[in-house]
Amino acid sequence: MELIEARSIFSPATGFILRGGFQWTCNPYVGCTFGCTYCYAAFLPQNRQPRDDWGRWLIVKKNAIPLAHKQAPKVAGQAVYMSSVTDPYLPLERRLMLSRGILEALLPVQPRLVVQTRGPLVVRDIDVLQDYHFLRVNVSIPTDCDVIRWRFEPKAPPLDQRWEAVRQLQAAGIAVGICVTPTLPIGNVVEFVKKLTNSAPAVLVCQDFHDAGGRFGADTGLLARRALAEFGWSETDYRDFVDRLRGQTPVFEGEAGFFPPPSRPGLPTRPF
Ligand code: SF4
C-alpha cells in the first residue's frame with residue numbers, strides 16, 4: 001500500500017459516467033484490491049503498475065477527508081459517482097474510513113450521490129447514508145453462484161454478504177440499485193430472476209461482456225472473457241436471461257443504467 005497526497009478528491013466525470021448525467025467522480029483509492037478479472041479500471045492508462053498486477057496494489061489518498069471538506073462546495077447539489085475506478089468499500093476501508101469521512105464531508109452540500117460497491121462494509125455507514133436526500137447505493141451482484149463469482153472476482157466478498165447488505169440498506173429506507181454487471185454466467189436463471197425481482201431494486205442493470213481490443217472503458221478483460229468461454233455462457237444465454245427478467249421487472253442495460261438519483265422526491269427515477 002502506498003500513501004499519497006492527492007490534489008483533488010472530486011474529478012470531472014468522463015465517459016459513460018458523464019453521459020449518464022454525473023458531473024463528478026470520487027475515488028478515495030487508486031487501484032482496487034478486489035481485483036476483478038473483468039475490471040475496466042485495470043485498463044486506465046495512468047496506472048503505473050503492469051496490467052497483470054491489477055488487484056495486487058493500492059494507492060491511498062491519505063488527505064481524502066480534508067480535501068473533501070475543502071472541495072465539497074464545488075459539488076454542492078451536483079451528481080457525484082463514488083467510485084468509478086475503485087471500490088469505496090475495500091477491506092482497508094474498515095480501518096482507514098476514508099469513504100465514510102468523505103460521506104460526512106459531503107452531507108451538508110447534499111449532492112445527488114451514487115455509491116457503487118461490492119463491499120458489504122457499506123452497511124457500516126447506513127447512519128450517514130440515511131441523511132442524504134438524493135442517494136442511491138448500487139450493489140454489484142453479477143451472478144447467483146459463488147463458484148462462478150470466485151472464478152471472475154476471487155477477492156471480492158461472497159454473494160450472500162452482498163444480498164444481506166441490500167437487505168439492510170433497504171430496511172434502512174435507502175434506495176438500492178442492483179448491478180448484474182457485467183452479467184456473469186448464471187447457475188439457475190429462473191431462481192435468479194425471481195430473487196432479483198423480489199428484491200425490488202430502485203434500478204436494475206444488466207450488461208453483457210464485450211471485447212473492444214483493450215480500449216479503456218469499453219473492454220472486458222481477456223482473463224474474464226476466457227473464463228466466460230469455460231462456462232459455456234454465450235450472448236444468447238445473456239439475452240435469454242435479460243428477456244426473462246424484463247418479463248418480470250424493468251431492466252436497464254449497459255451504461256443506460258448508470259444515472260444519478262432524481263433531484264426531487266417524486267420525480268421519475270430516470271431523469272431523461
Ligand atoms: S470492485 Fe469494481 S473497481 Fe474494483 S476491481 Fe472489481 S470492478 Fe474493478
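In each ligand, atom 1 is the first atom listed, and ligand 1 is the first ligand listed. All values below were derived from every heavy atom in this structure, side-chain atoms included, with hydrogens, water molecules and symmetry-related copies excluded.
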Check the pair Glu104 / Arg100 against salt bridge (charged side-chain N to carboxylate O under 4.0 Å, His left out), numbers first and verdict last. CA-CA 6 Å; Glu104 289 170 340; Arg100 184 182 174 88; 3.2 Å; yes

Using a strict cut-off of 4.0 Å, indicate which atoms of ligand 1 neighbour a heavy atom of Thr86. 3 (S)

Examine Cys32 and say whether one of its N/O/S atoms is closer to atom 4 (Fe) of ligand 1 than 2.8 Å. yes

Do the side-chain N and O atoms of Ser140 and Arg118 include a donor-acceptor pair separated by under 3.5 angstrom? yes

Proximity flag Tyr40 to ligand 1, non-hydrogen atoms under 4.0 Å: no

Taking the non-hydrogen atoms of Ala41, is any one of them nearer than 4.0 angstrom to ligand 1? no

Phe259 ring centre to Arg136 NZ or CZ under 6.0 Å, with the angle to the axis within 45°? yes

Tell me the protein heavy atom at minimum distance from atom 2 (Fe) of ligand 1, and give that distance in Å. Arg118 NH1, 3.6 Å

Hey, is CZ on Arg94 packed in by over 12 heavy atoms from elsewhere, all under 6.0 Å? no

For ligand 1, which atoms have a heavy atom of Phe34 less than 4.0 angstrom away? 1 (S)

With distance as the sole test, does Ser8 use its side chain to make a donor-acceptor pair with the main-chain N or O of Phe10 at under 3.5 Å? yes

Among non-hydrogen protein atoms, atom 8 (Fe) of ligand 1 lies closest to Cys39 SG, 2.2 Å

Is there a side-chain contact between Glu2 and Trp57, using heavy atoms and a 4.5 Å cut-off? no

Suppose we measure from atom 5 (S) of ligand 1 to each protein heavy atom; which comes out shortest, and what is that distance? Cys36 N, 3.2 Å

